[in-house]
Amino acid sequence: VLKYAHKSDPNKFVYAVWLGTDKNSSVKNFSLKTGAIREASIVRAVVGKKEGEKTAAEKTGDAVRIPVVDESVTYVIVKIK
């Protein structure tokens with residue numbers, strides 16, 4: 001997991017999440033601890049789509065639930081409280 005600060009919004013962060021394997025592995029319902037969350041979304045890469053596929057994320061307390069983490073990068077955009 002890598003965490004990046006947003007260029008212009010100090011309350012926004014982007015997490016890059018993936019499995020560092022080459023065995024076609026995946027984990028379902030991964031919980032990413034992010035701290036106090038106001039809103040969050042998940043972005044997955046899609047072939048031929050410049051901005052990927054963005055969906056609303058399910059928040060649980062101080063974490064975001066990612067339905068599937070695999071060997072492709074999943075980005076989680078989080079706005080904190």
Side-chain angles (χ1 to χ4, degrees):
V1 175
L2 295 175
K3 180 180 178 183
Y4 301 94
H6 192 274
K7 283 197 288 189
S8 59
D9 187 343
N11 294 321
K12 224 177 211 185
F13 297 91
V14 176
Y15 292 86
V17 183
W18 73 98
L19 293 176
T21 65
D22 63 355
K23 296 177 172 70
N24 203 24
S25 300
S26 65
V27 174
K28 292 184 180 182
N29 298 315
F30 180 78
S31 182
L32 175 67
K33 297 267 187 198
T34 58
I37 305 164
R38 179 175 295 150
E39 60 187 57
S41 56
I42 296 171
V43 180
R44 299 258 320 166
V46 176
V47 174
K49 230 177 159 185
K50 185 177 179 181
E51 297 191 14
E53 182 177 271
K54 187 175 183 178
T55 57
E58 182 182 317
K59 302 175 286 182
T60 306
D62 65 345
V64 172
R65 185 183 71 81
I66 304 172
V68 177
V69 173
D70 56 24
E71 295 162 355
S72 298
V73 177
T74 298
Y75 296 99
V76 180
I77 303 166
V78 175
K79 186 156 187 156
I80 59 173
K81 292 181 180 178

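Just so it is clear, the values below take in all heavy atoms, side chains as well, and ignore hydrogens, waters and symmetry mates.
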[Y] reachable from [X] in the ILVMFWY side-chain graph, under 4.5 Å edges:
X: Y4; Y: V73; result: yes
X: F13; Y: L2; result: no
X: V43; Y: V14; result: yes

Please name the residue in the list [options] that meets the side-chain contact (heavy atoms from CB on, under 4.5 Å) test with [X].
X: V17; options: I42, V64, L32; result: L32
X: S41; options: T55, I77, V78; result: I77
X: K12; options: H6, K7, R38; result: H6

Once rounded to the nearest 0.5 Å, what's the spacing between atom [atom1] of [X] and atom [atom2] of [Y]?
X: T60; Y: K33; atom1: OG1; atom2: NZ; answer: 9.5 Å
X: L19; Y: D70; atom1: CG; atom2: CG; answer: 7.0 Å
X: K79; Y: E39; atom1: NZ; atom2: CD; answer: 6.0 Å
X: D62; Y: I37; atom1: CG; atom2: CD1; answer: 7.0 Å
X: E71; Y: D22; atom1: CD; atom2: CG; answer: 6.5 Å

Q: May I ask you to check whether over 12 heavy atoms, not counting those of Y75, lie within 6.0 Å of atom OH?
A: no
Q) How far apart are the closest heavy atoms of K3 and Y15, and which atoms are they? A) CE-OH, 3.4 Å
Q.
I'd like to know whether K59 forms a side-chain contact (heavy atoms from CB on, under 4.5 Å) with T34, so could you lay out the CA-CA distance, the side-chain angles of the two residues, the decisive distance to 0.1 Å, and finally the verdict.
A. CA-CA 10 Å; K59 302 175 286 182; T34 58; over 6 Å; no
